[in-house]
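The residues of the chain are indexed from 1 along the displayed sequence.
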Amino acid sequence: MKILLATHNPSKFERYNNLLREVANLELVSLQGVSISEKVDEPFATAKENAIHKAVKYARISQLPTLAVDEAVTTNFLLRSLVH
């Protein structure tokens, strides 16, 4: 089964292709591999909403099942004062 990975980033494609290569009957294809150069916007506030939006848009364009991963970087800091 072909699944489209919704990214224009070749490093991200390679990373996910390596992660999923052991899945039987799965062929991960890139946007470039199916000749899609269109970039889908990311209008939402969360990474999850943007990933869903991109997956739906690229699935409609490609007519393939589509996986989108929006890897937002989130950092939590804990500040603590130590009084001696």
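- Across Ala51 and Ala68, no two heavy atoms sit closer than the pair O-CB, 3.2 Å.
- Lys57 NZ: 12 or fewer foreign heavy atoms inside a 6.0 Å radius.
- Evaluation of the side chain to side chain donor-acceptor pair (under 3.5 Å) rule for Thr46 yields Glu49 as partners, not counting sequence neighbours.
- Residues Val69 and Val23 are members of one and the same hydrophobic cluster, defined by side-chain heavy-atom contacts under 4.5 angstrom among Ile, Leu, Val, Met, Phe, Trp and Tyr.
- Atom-to-atom distance recorded for Met1:CE and Ile3:CD1 is 5.5 Å, nearest 0.5 angstrom.
- Screening residues 4-43 for ring pair (Phe, Tyr, Trp, His ring centres under 6.0 Å) gives no qualifying pairs among residues at least two apart or on separate chains.
- A side-chain donor-acceptor contact under 3.5 Å links Thr66 to the backbone of Leu64.
- The two residues Thr7 and Lys12 make their nearest non-hydrogen contact at OG1-CD, 3.6 Å.
- For the atom pair Leu19 CG and Glu14 CD, the distance stands at 10.5 Å (nearest 0.5 Å).
- Each of Leu67, Leu4, Leu5 was compared with Tyr58 under the side chain to side chain contact (heavy atoms under 4.5 Å, CB included) criterion, and only Leu4 meets it.
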Side-chain donor-acceptor pairs of residues 26-43 under 3.5 Å, sequence neighbours excluded:
| from | atom 1 | to | atom 2 | distance (Å) |
| --- | --- | --- | --- | --- |
| Ser30 | OG | Gly33 | N | 2.8 |
| Asp41 | OD1 | His53 | NE2 | 2.9 |
| Glu42 | OE2 | Lys54 | NZ | 2.8 |

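- Looking only at distances, no side-chain donor or acceptor of Asp70 sits under 3.5 Å from a matching main-chain atom of Asn50.
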